Amino acid sequence: MREVIRLAGAFLVVAGISGTIDHLAVQPFWGAILNVFNRQVIPRLGFLTGYEIYADLFVAVVGVVVLAAAWRRDEDG
């Protein structure tokens, strides 16, 4: 289970960074997979209009928090 949580955290970090890059310039690598949040979710949420980069960076930060929590739990157990 910890590996799944680590994988999800790593995906969130990479997806957040990739979404930020995609918003600034077109992301040519794995764009259809990594930029789902950037291309599908953000345009549908009106309150994020104008804050797309911050939303993508927030996804990356959430991924870092998930990774840190998974590693912390691994050290404790």
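No experiment lies behind these values; they were computed from the predicted model shown.
Contacts of Phe11 classified as side chain to side chain contact (heavy atoms under 4.5 Å, CB included), with partners at least two apart in sequence or in another chain: Ala15, Ile33, Leu34. For Ile5, the side chain to side chain contact (heavy atoms under 4.5 Å, CB included) criterion is met by Met1, Val66, Ala70, not counting sequence neighbours.
Linking ILVMFWY residues whenever their side-chain heavy atoms come closer than 4.5 Å, directly or via other members, leaves Val14 and Val4 in distinct clusters. In the hydrophobic cluster analysis, where Ile, Leu, Val, Met, Phe, Trp and Tyr join through side-chain heavy atoms closer than 4.5 angstrom, Phe37 is grouped together with Leu45. Val13 and Val61 sit in two unconnected hydrophobic clusters of ILVMFWY residues. Membership requires side-chain heavy atoms under 4.5 Å apart, directly or through other members.
Annotation: the span from Ile53 atom CD1 to Ile21 atom CD1 amounts to 11.0 Å, rounded to 0.5 Å. The CZ atom of Phe58 lies 10.5 Å from the CG atom of Leu48; values are rounded to the nearest 0.5 Å. To the nearest 0.5 Å, atom CG of residue Asn38 and atom CG of residue Asp22 are 5.0 Å apart.
Note on residues 40-58: pairs passing side-chain hydrogen bond (donor to acceptor under 3.5 Å, both in side chains), not counting sequence neighbours, are Gln40-Arg44.
Annotation: side chain of Arg6 is in contact with side chain of Trp71 (closest heavy-atom distance under 4.5 Å).
Minimum heavy-atom separation, Val59 to Leu12: CG1-O, 3.5 Å. Shown here for Asn35 and Ser18, the closest heavy-atom pair between the two residues is OD1-OG, 2.9 Å.
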